[in-house]
Amino acid sequence: LIIRAHHRFAMRLPVKLRQAQGSPRGLLIEISKGGARVSNLGASRFEVGEQVELTTSGGIVLHGLIRWAHDGLAGICHATPLCA
């Protein structure tokens, strides 16, 4: 049993994850009030604490910080929670 701060919702939504070095495309696979998980990032490199901008194919933009990244996956902490 894993206790998490926020309930997570599974998704499959193409996104761009903009960082200082470029904007790799990925797949938003989980989202919660406090963060998100993106897969299919290939060889893109992210540093913990790096500011990123996640843009969905529908034009929604979310700002956040990299919490962890490895093997083409990244966890993002939203700069502001999605809802109260």
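Count residues from 1 along the sequence. These values consider heavy atoms only, across backbone and side chains, with no hydrogens, waters or symmetry-generated copies.
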Asks: At their closest point, which heavy atom of Arg45 faces which heavy atom of Glu50, and how far apart are they?
Replies: O-OE1, 4.3 Å
Asks: Please round to the nearest 0.5 Å and tell me the distance separating atom CD1 of Ile60 and atom CG of Leu13.
Replies: 8.0 Å
Asks: Donor-acceptor pairs under 3.5 angstrom involving side-chain atoms of residues 63-81: please list them, not counting sequence neighbours.
Replies:
unit_1, atom_1, unit_2, atom_2, d
His78, NE2, Ser32, O, 3.3
His78, NE2, Gly35, N, 3.4
His78, NE2, Gly35, O, 3.1

Asks: Is it the case that atom CD in Glu30 sees more than 12 heavy atoms from other parts of the structure closer than 6.0 Å?
Replies: yes
Asks: How would you list, by chain and number, every residue that makes a side chain to side chain donor-acceptor pair (under 3.5 Å) with Arg25, sequence neighbours excluded?
Replies: none
Asks: So which atom in Gln19 and which in Val52 form the shortest heavy-atom distance, rounded to 0.1 Å?
Replies: CB-CG1, 4.3 Å
Asks: If you look at every heavy atom in Leu28 and Ala36, which pair is closest and at what distance?
Replies: CD1-CB, 3.6 Å
Asks: Sort out for me which residue in Glu53, Arg18, Lys16 forms a side-chain contact (heavy atoms from CB on, under 4.5 Å) with Val61.
Replies: Glu53
Asks: When you look at Ile31 and Leu62, which way does the side chain to side chain contact (heavy atoms under 4.5 Å, CB included) test go after all the steps?
Replies: CA-CA 11 Å; Ile31 194 162; Leu62 302 172; 4.1 Å; yes
